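Inspection log for the structure reproduced underneath, given as structure tokens.
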There are 2 protein chains.
Amino acid sequence: MTQDIARTEKQLGAILRRARKQAGLTQSDLGKRMHLRQGTVSRLEGGAPAIQLRTLMETLAALDLELVIRPRSKASAADIESVF
Amino acid sequence: MTQDIARTEKQLGAILRRARKQAGLTQSDLGKRMHLRQGTVSRLEGGAPAIQLRTLMETLAALDLELVIRPRSKASAADIESVF
DNA sequence: ACAAAATATACGCGATAAAGTATATTCTTA
DNA sequence: TAAGAATATACTTTATCGCGTATATTTTGT
């Protein structure tokens with residue numbers, strides 16, 4: 001699964017956490033790459049809604065990820081939380 | 001063209017602006033859909049980096065868009081998107 | 001060219017992010 | 001099960017959000 005859909009902050013956080021772990025990084029490691037506190041990374045991954053956009057974009061860059069914006073796919077169930 | 005890559009806040013803003021116009025909405029129209037002021041929509045579309053994540057997610061929902069997070073495309077042979 | 005509509009900015013205000021620093025709590029794993 | 005590591009929380013300070021409201025500056029249509 002190289003593509004993950006995020007419609008909520010929580011989904012987005014879960015995706016980022018998985019990507020970070022896959023890269024073998026701790027929150028502190030990742031934070032050091034972009035001047036973010038470990039605690040800030042924790043909030044982002046936890047799905048805090050009031051995180052700043054800059055923080056998200058920096059994190060994506062640090063994890064070598066990119067954002068794709070597209071019309072909502074209809075096929076998928078609206079229910080989410082299906083994190084294994 | 002149904003998929004737009006955003007690696008910076010400015011790119012993201014431009015994509016949202018295009019989607020809004022395509023939906024035939026003004027910034028005020030869009031703002032009313034989610035309790036955001038016209039001025040806030042303006043900043044988001046302008047690429048302000050300190051916009052809050054919640055604001056982005058609400059805007060995506062109001063425009064019936066979704067976010068996809070994926071590894072950065074290499075732009076070489078692996079770039080499947082540029083078939084057009 | 002002009003009026004109307006749309007968008008960009010601005011100010012005060014309450015709320016809150018993120019820094020800096022520290023500690024508590026929850027995993028790991030030897 | 002007891003470290004040790006990783007993650008979640010907390011407090012103060014500084015900066016900025018988004019609101020409400022208003023206005024300035026484009027952009028659009030006739």
Side-chain angles (χ1 to χ4, degrees), chain A residues 1 4-67 69 71-72 80-84, chain B residues 1 4-67 69 71:
Chain A
M1 183 169 299
D4 294 288
I5 299 174
R7 293 185 181 181
T8 68
E9 293 89 339
K10 284 212 182 299
Q11 289 170 14
L12 181 53
I15 292 168
L16 293 176
R17 171 163 296 171
R18 196 166 57 232
R20 173 180 58 79
K21 286 187 175 174
Q22 204 161 334
L25 299 171
T26 66
Q27 291 181 345
S28 293
D29 291 337
L30 182 56
K32 276 173 196 154
R33 291 191 178 189
M34 62 236 184
H35 315 119
L36 282 184
R37 300 282 135 275
Q38 172 265 323
T40 301
V41 176
S42 174
R43 287 196 321 121
L44 173 63
E45 293 185 352
I51 289 285
Q52 302 210 345
L53 187 51
R54 183 210 315 267
T55 300
L56 169 63
M57 301 309 283
E58 286 176 349
T59 302
L60 290 171
L63 288 173
D64 206 40
L65 298 174
E66 69 188 3
L67 226 51
I69 294 88
R72 291 201 171 192
I80 332 115
E81 306 306 327
S82 47
V83 185
F84 307 57
Chain B
M1 188 234 115
D4 294 287
I5 300 175
R7 293 187 181 181
T8 68
E9 293 90 339
K10 285 210 179 303
Q11 288 171 7
L12 180 55
I15 291 168
L16 294 176
R17 170 163 296 168
R18 188 146 39 88
R20 172 179 59 78
K21 288 187 174 174
Q22 206 162 336
L25 299 172
T26 67
Q27 291 181 345
S28 294
D29 291 336
L30 182 57
K32 276 172 196 152
R33 291 191 177 190
M34 64 237 182
H35 315 121
L36 278 184
R37 286 170 39 265
Q38 173 265 321
T40 301
V41 176
S42 174
R43 287 197 317 122
L44 173 62
E45 293 186 351
I51 291 284
Q52 301 210 348
L53 187 52
R54 181 208 317 267
T55 300
L56 169 65
M57 301 310 282
E58 285 176 351
T59 302
L60 291 171
L63 289 172
D64 206 39
L65 299 174
E66 69 188 5
L67 226 52
I69 293 88

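Remember, predicted model here, so these are calculated numbers, not experimental data. Below, read A as the first sequence line, B as the second, and so on, with proteins coming before strands; counting in each chain starts at 1.
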Starting from P on C:dA15, measure out to NE2 on B:His35 and report it in whole angstrom.
19 Å

Produce the list of close N/O pairs, under 3.5 Å, pairing protein atoms with atoms of nucleotides 8-15 of chain D; give distances to one decimal.
| residue | atom | partner | partner atom | Å |
| --- | --- | --- | --- | --- |
| D:dA8 | OP1 | A:Arg17 | NH1 | 3.3 |
| D:dA8 | OP1 | A:Arg17 | NH2 | 2.9 |
| D:dA8 | OP2 | A:Arg17 | NH2 | 3.2 |
| D:dA8 | OP2 | A:Gln27 | NE2 | 2.7 |
| D:dA8 | OP2 | A:Ser42 | OG | 2.5 |
| D:dA8 | O5' | A:Ser42 | OG | 3.3 |
| D:dA8 | N7 | A:Gln38 | NE2 | 2.9 |
| D:dA8 | N6 | A:Gln38 | OE1 | 3.1 |

So, for B:Arg17 and B:Gly46, which heavy atoms are closest and what is the spacing to 0.1 Å?
NH2-N, 4.3 Å

Hey, which sits more toward the 5' end of DNA chain D by its nearest nucleotide, A:Gln52 or A:Asp29?
A:Asp29

Show the numbers, then the answer: is there a side chain to side chain contact (heavy atoms under 4.5 Å, CB included) between A:Thr55 and B:Leu53?
CA-CA 9 Å; A:Thr55 300; B:Leu53 187 52; over 6 Å; no

Quick one: CD on B:Gln52 to CE on B:Met57, what's the gap to the nearest 0.5 Å?
13.5 Å

Can you see if the side chain of B:Arg37 gets near the phosphate of C:dA10 - specifically, an N or O under 4.0 Å from OP1 or OP2?
no

Given atom CG of A:Leu53 and atom P of D:dT16, what is their separation to the nearest angstrom?
15 Å

Taking five pairs at each end, how big is the angle between the two axes of the helix from C:dA1-D:dT30 to C:dA30-D:dT1, to 10°?
70°

According to salt bridge (Lys or Arg N to Asp or Glu O under 4.0 Å), who are the partners of A:Glu66, at least two apart in sequence or on a separate chain?
B:Arg7, B:Arg70

Members of residues 56-66 of chain A that approach DNA chain C, where some heavy atom sits under 4.0 Å away
none

Distance from A:Leu44 atom CG to A:Leu36 atom CG, nearest 0.5 Å?
8.5 Å

What is the distance from atom CG of A:Leu56 to atom CD1 of B:Ile51, rounded to the nearest 0.5 Å?
13.0 Å

In Å and rounded to the nearest 0.5 Å, what is the CG to CD distance from B:Leu16 to B:Glu9?
12.0 Å

Less than 4.5 Å apart, any side-chain heavy atom of B:Glu58 and any of B:Arg33?
no

May I ask you to say what A:Arg54 touches in the nucleic acid, namely base, sugar-phosphate or nothing, with a heavy-atom cut-off under 4.0 Å?
nothing

Quick test: give all pairs of protein nitrogen or oxygen and nucleotides 27-30 of chain D nitrogen or oxygen below 3.5 Å, distance rounded to 0.1 Å.
none

Which heavy atom in A:Leu65 sits nearest to a heavy atom in A:Ala19, and how many Å separate them?
CD1-CB, 3.8 Å

Looking at B:Thr55, does any N or O in its side chain come under 4.0 Å of the phosphate oxygens OP1/OP2 on D:dC17?
no

Which residues pass the salt bridge (Lys or Arg N to Asp or Glu O under 4.0 Å) test with B:Arg20, sequence neighbours left out?
B:Glu45

Minimum heavy-atom distance between A:Gly24 and A:Asp29, given as atom pair plus value:
O-OD2, 4.4 Å

Nearest 0.5 angstrom please: B:Thr59 OG1 to A:Ile69 CD1, how far?
11.5 Å

From NZ of A:Lys32 over to C1' of C:dA18, roughly how many Å is that when rounded to an integer?
18 Å

Can you measure from NZ (A:Lys32) to CD (A:Gln38) and round to the nearest 0.5 angstrom?
10.0 Å

